[in-house]
Every structure is written in structure tokens, then in C-alpha cells.
Amino acid sequence: MGDDRMRFGAGAWGLIQRQDGHVLLVHHARSGLWTLPGGKVEEGETLKQAAIREVHEETGLHGEAGRLLVIRHARPGTWFGPLQRTRDSLHFVFAMNVPAEQFRGIRRQEDEVLDIRWWAPEQVMADGRPEPSVLITAALGVLAGRTEGCAYLEDNELR
């Protein structure tokens, strides 16, 4: 008899914001997108542990995962840049608490990250691609108090 349990992929990202409001984004080699540092949750990890690990791997920064800002359910067929989802995925975005003195030591993960930059929120929204900007916009909306609690997205739409 087949396994009829629903299986989800899971990913965790960290939003790092400077005092001036700029957000740290990484240019991923695989997707070609500028997005928050983050990625797949590994077996045995909590969501926060995955966000902390991914932020460190991709940027060299050490921090703590704080408040949960966004949950997104991406269904099969949802596009994420050039990549199309083949199964249901749950994405979690956490506010990362990283001491500002570490920002001078940012370094990119050579094999996965092409570049790292600080972006003003309006630059992210003007980028025109909904996949990463919707997560960032939703997360910033929670931090600014425009969304109560945690933002919930289905695919790329706020619900």
C-alpha cells in the first residue's frame, strides 16, 4: 500500500535589517534571484536552527532567530524565479538579531552566492519579480505593524 501522508519541503530564511532600514540580500547562483539568506531545513533541525545556519553559511554572520514574520505555503507549480515547485513547500521568515559590528565581516558562500548587498525596501519592491520581494515585503509589513502577528501567504499572495 502506498504512503498517503502529505509531504512538505521546508525552508527557513532570515531577515537582517540595518538601523537605516536596508535589508541584506544574497544573489543566489541556482535561482538567479536576489533574496533573503536562507534555504532548506535539514533533518533534525528546528526552523530557527535552520535560519541561523543558513544565514551563517551564506553571509558569515552569527545571530539569533527572533520573531517569526512570515509563513508561506507554496504549492506545486508555483514558480520561484526559474525554478518551479514540484511539491508543497512551507517557507518561514524570521527576524534575525545580528550585532551591527559584524556587518563589516560579511562574506559570501562561494559556491552558492554570487553577491551580497544591502537593499533599501523600495528597491526590493521595484525589482519587479514577486517571488522574493513578496516575502520581504510581507516581513517588513509585520515589523512595521501593518500586519498583525505573522503574515501568511499562499503561493505569492497575502491571505
Side-chain angles (χ1 to χ4, degrees), residues 8-74 78 80-81 83 85 89-153 155-156 158:
F8 285 88
W13 285 264
L15 184 134
I16 303 166
Q17 193 172 29
R18 288 191 316 209
Q19 287 288 108
D20 64 4
H22 284 67
V23 177
L24 189 67
L25 299 183
V26 296
H27 188 191
H28 276 276
R30 184 168 172 234
S31 70
L33 297 175
W34 283 94
T35 190
L36 298 170
K40 184 178 176 182
V41 178
E42 294 180 355
E43 189 172 335
E45 277 184 319
T46 68
L47 296 169
K48 284 187 172 186
Q49 287 170 338
I52 291 166
R53 176 186 51 77
E54 285 285 348
V55 165
H56 177 67
E57 285 177 2
E58 293 182 1
T59 69
L61 298 174
H62 296 276
E64 294 179 18
R67 180 178 175 189
L68 177 62
L69 302 173
V70 180
I71 299 171
R72 175 170 67 177
H73 178 190
T78 302
F80 192 80
L83 308 174
R85 299 274 171 221
S89 297
L90 296 174
H91 305 152
F92 302 86
V93 178
F94 293 92
M96 294 296 296
N97 303 311
V98 177
E101 58 269 11
Q102 285 192 38
F103 296 160
R104 289 185 301 276
I106 292 173
R107 55 140 184 84
R108 71 180 175 89
Q109 184 180 20
E110 299 275 331
D111 57 335
E112 289 186 26
V113 176
L114 300 173
D115 198 5
I116 300 175
R117 285 192 208 145
W118 292 100
W119 290 52
E122 58 273 11
Q123 288 176 297
V124 173
M125 293 168 220
D127 188 41
R129 290 178 288 191
E131 301 89 356
S133 63
V134 72
L135 285 175
I136 299 162
T137 302
L140 292 172
V142 171
L143 288 174
R146 291 188 301 271
T147 303
E148 187 177 324
C150 173
Y152 173 67
L153 304 168
D155 302 319
N156 290 322
L158 188 60

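Nearest heavy-atom pair across E58 and I116 is O-CD1, 3.5 Å. Minimum interatomic distance between H91 and W13 (heavy atoms only, all atoms of both residues): CB-CZ3, 3.4 Å. For L24 against I106, the heavy-atom pair with the smallest separation is CD1-CD1, 3.9 Å. Across all non-hydrogen atoms, the minimal contact from G14 to L36 is O-CB, 3.8 Å. Across L140 and L15, no two heavy atoms sit closer than the pair CD2-CD1, 4.2 Å. V93 approaches A139 most closely through the heavy-atom pair CG1-CB, 4.2 Å.
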- Apply the test side chain to side chain contact (heavy atoms under 4.5 Å, CB included) to residues V134 and R72: give CA-CA distance (whole Å), side-chain angles for both, the deciding distance (0.1 Å), then the verdict. CA-CA 10 Å; V134 72; R72 175 170 67 177; 4.0 Å; yes
- Message: The test is side chain to side chain contact (heavy atoms under 4.5 Å, CB included); show your working for I136 and L25 and say whether it passes.
- Response: CA-CA 10 Å; I136 299 162; L25 299 183; 3.5 Å; yes
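Residues W118 and I16 form a side-chain contact, since some pair of their non-hydrogen atoms from C-beta on lies under 4.5 Å apart. With a 4.5 Å cut-off on side-chain heavy atoms, Y152 and H73 count as touching. Looking at F94 and I52, their side chains never come closer than 4.5 Å, going by heavy atoms from C-beta outward. Put simply, the side chain of V142 reaches to within 4.5 Å of the side chain of R67, judged on heavy atoms. Contact check for E57 versus V113: no side-chain heavy atoms found under the 4.5 Å cut-off. Contact of the L153 side chain with the I71 side chain is not registered, since no non-hydrogen atoms from C-beta on lie closer than 4.5 Å. With a 4.5 Å cut-off on side-chain heavy atoms, T35 and H28 count as touching.
E54 contributes atom CD, which lies 10.5 Å from atom NZ of K40 (distance to the nearest 0.5 angstrom). Atom CD in Q49 sits 10.5 Å away from atom CD in E42 (nearest 0.5 Å). Considering CG of L69 and CG of L143, their distance stands at 4.5 Å, rounded to 0.5 Å. Rounded to the nearest 0.5 Å, atoms CD (E122) and OG1 (T137) are 11.0 Å apart.
Environment of CD in E64: sparse, with no more than 12 heavy atoms of neighbouring residues, nucleotides or ligands closer than 6.0 Å.
H27 contributes a side-chain N or O that, together with a main-chain N or O of G32, makes up a donor-acceptor pair within less than 3.5 Å.
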